[in-house]
A.B. asks: 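Take a look at this one; I'll ask things after.
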Protein chains: 2
Amino acid sequence: MTAPLRNAEAILHCAGCAGRNHGVCGSLSDRTLARVAQRARTISVAANDRLCEEDVSCHHIALVQSGMLRMQSHSLAGRRKITGLVVPGDSIGQIIRGTRDTAIEAVIDTRLCLFESANFAQLIEQEPELRRALCHQAENWTEKARRLSLLLGAYGPASRLRALLLLAPSIMPWKALPDGGGVLTMLLPRQDIADLIATTQETVSRSLHQFQKDGLIDILNARQFRLNDLEALSEGLEEILHQ
Amino acid sequence: MTAPLRNAEAILHCAGCAGRNHGVCGSLSDRTLARVAQRARTISVAANDRLCEEDVSCHHIALVQSGMLRMQSHSLAGRRKITGLVVPGDSIGQIIRGTRDTAIEAVIDTRLCLFESANFAQLIEQEPELRRALCHQAENWTEKARRLSLLLGAYGPASRLRALLLLAPSIMPWKALPDGGGVLTMLLPRQDIADLIATTQETVSRSLHQFQKDGLIDILNARQFRLNDLEALSEGLEEILHQ
DNA sequence: CGCATTGTTGATCTATGTCAAGGACCGTGG
DNA sequence: CCACGGTCCTTGACATAGATCAACAATGCG
């Protein structure tokens, strides 16, 4: 009897995965997860490497184990826009896809579960659970993209930065403190922050220091912020942040 | 034998529908379409009426027959942002959903096919074709939302307006002219245009008149533009427009 | 210890948002 | 038919947020 063994192996494979409890993987039962894991091959992408050139997202499907990816496009004027972040548990290749004009790059070192496209398609047919998870993810992505456009359209750069700070704890290292605040480790460099919220490095830097002056945050170092007053930070942003 | 008759009725029901060849409906076979149509009830929404208050999108699913809807949110600062347009063939209630902070309103008089949610869910289970069509639509919406955020983030108001003018012919009345240009009937009033591309009425107006000065368009009247030079109009926007 | 990368700060300039007024258009009712 | 009010659009004057350009500081790495 090899199947139970393979199941066990598969579950072991997922045990330490940062994506195990999020997104697609998070909504799968052990049984389904085991079937999925059996077909997976793990690959790594170093920070700032591009995924498309790895041929992923062209003929493969991938699930993010750990790390973070950015989807980005360049306008002909040379301006880069990050249109979304891909985090552990997210899938790449179905809904999220690098195309001629949308590249997917690693923000930090990232590990992926890689699947042959045909192989995965088969799985989708066989596992309604997986199908539903992917559909659900599709809805999520639409919702996220819509919120980003709302954020960009309805608020100025400083408010957009506040929104980012408030959303970051759910996708970046976050150490909650007893007083309700917490320490955020910002994985994105200033330029990425700027390209995500559609502003410039300089404005990001100035706004952060303004927040510090206002007592909203403390800049512990370039990549670590202590968020002191989540309440004040979220002023006027309710409809973006909820959920 | 009643089934064939009902099929025929159903197909008749769809025959004149503007959405018949687009979006969800466009990718369904006559057989599936007939099954879907059998469960539909047609309703109308007058221009500027809100769909949620009609209880649609809460306990119903709808397919757009004709007209146009806008999805919109208000920031607390009072600024409205249109996050997407819903056109014939699109579905409402699955992916696209009015929520506490996203309202769906009619831009112009609109007709919908309305379904009981439970009823429709059943259909989805039974018809893989429909399932695929809805999934495909989900991908489309994500792609559209992503493009909107790219447009908002990477380009200024004037470029965004150019992009809108170039995309409009696919969803608004358009009369192509032999010289390659054409006459566009803009269904959106200035304020809606502004809220879609995240600028102000005034800037929209000024930009349009600037385009006229530059010979790119002629403003025949407030709602009709002759687009003279699609080439020049699309300068620098390639990655937004393709497809 | 250079050197490269990343982040900060200052000075300047302009696109565009805001405010305010006026014009065009349309339907209604006298 | 015209006067009226309403909605939608246009135009002008003005102020300013934030982009741009440029220099410099901090950090990390070989």
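Below, each value reflects all heavy atoms present in this structure, side chains not excepted, and no hydrogens, waters or symmetry copies. Throughout, a chain's letter reflects where its sequence line sits, starting with A, and its residues are numbered from 1.
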A.B. asks: Regarding C/dG7, can its base be found pairing with the side chain of A/R206 as donor and acceptor, where the two atoms are less than 3.5 Å apart?
C.D. replies: no
A.B. asks: By nearest atom, which of the nucleotides C/dT8, D/dC9, C/dG17 is closest to the A/Q201 side chain?
C.D. replies: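 Of all the options, the side chain of A/Q201 is nearest to C/dT8.
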A.B. asks: How far apart are the closest heavy atoms of A/C113 and A/H13, and which atoms are they?
C.D. replies: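 The pair with the smallest heavy-atom distance is SG-CE1, 3.5 Å.
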A.B. asks: Quickly work out the A/N221 CG to C/dT8 C1' distance and round it to whole Å.
C.D. replies: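 These atoms are roughly 14 Å apart.
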A.B. asks: D/dC9, C/dT9, D/dG18: which one has an atom nearest the side-chain heavy atoms of A/H209?
C.D. replies: C/dT9
A.B. asks: Does the pair A/R206/A/E202 count as a salt bridge with the N-to-O cut at 4.0 Å?
C.D. replies: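 Here A/R206 does not pair with A/E202 in a salt bridge, since their nearest N and O are not under 4.0 Å apart.
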A.B. asks: Rounded to whole angstroms, how far apart are CD1 on A/I219 and C1' on C/dT6?
C.D. replies: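 One finds 14 Å between C1' of C/dT6 and CD1 of A/I219, rounded.
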A.B. asks: Given C/dT16, is OP1 or OP2 found less than 4.0 Å from the side-chain N or O atoms of B/T199?
C.D. replies: no
A.B. asks: Do B/L237 and B/S159 come within less than 4.5 Å of each other through their side chains, counting heavy atoms only?
C.D. replies: yes
A.B. asks: Of the options C/dT8, C/dT18, D/dC8, whose atoms approach the side-chain atoms of B/R223 most closely?
C.D. replies: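 Nearest to the side-chain atoms of B/R223, counting from C-beta on, is D/dC8.
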A.B. asks: Looking at A/D195 and A/R190, is there a salt bridge between them, counting it only when a charged N and a carboxylate O are closer than 4.0 Å?
C.D. replies: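 Here A/R190 does not pair with A/D195 in a salt bridge, since their nearest N and O are not under 4.0 Å apart.
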A.B. asks: From CG of B/L188 over to C1' of D/dC9, roughly how many Å is that when rounded to an integer?
C.D. replies: 15 Å
A.B. asks: Choose from C/dG17, C/dG7, D/dC9 the nucleotide whose nearest atom is closest to any side-chain atom of B/T203.
C.D. replies: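 So the nucleotide nearest the side chain must be C/dG17.
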A.B. asks: For D/dG18, take OP1 and OP2 only and decide whether either is under 4.0 Å from a side-chain N or O of A/T200.
C.D. replies: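 For D/dG18, OP1/OP2 do not have a side-chain N/O of A/T200 under 4.0 Å.
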A.B. asks: In this structure, how many angstroms lie between the C1' atom of C/dT8 and the NZ atom of A/K213, rounded?
C.D. replies: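 Interatomic distance, NZ of A/K213 to C1' of C/dT8: 12 Å.
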A.B. asks: Rounding to an integer number of Å, can you tell me how far A/Q210 CD sits from C/dT8 C1'?
C.D. replies: 14 Å
A.B. asks: Once you round it to whole Å, what is the distance between C1' of D/dG18 and CG of A/L152?
C.D. replies: 15 Å
A.B. asks: Phosphate oxygens OP1/OP2 of C/dT18: is one of them under 4.0 Å from a side-chain N or O of B/R79?
C.D. replies: yes
A.B. asks: Figure out the CD/P separation between A/Q191 and C/dG7, and round it to whole Å.
C.D. replies: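 To the nearest whole Å, that distance equals 9 Å.
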A.B. asks: Could you point out which residue of A/I82, A/V204, A/L187 forms a side-chain contact (heavy atoms from CB on, under 4.5 Å) with A/D192?
C.D. replies: A/I82
A.B. asks: If each of A/A158 and A/E202 is mapped to the nucleotide of DNA chain D with the nearest heavy atom, which maps nearer the 5' terminus, i.e. the 5' end?
C.D. replies: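 Nearest-nucleotide comparison on DNA chain D picks A/A158.
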A.B. asks: Between atom CG in A/L208 and atom C1' in D/dA26, what is the gap in whole Å?
C.D. replies: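 Roughly 16 Å, once rounded to whole Å.
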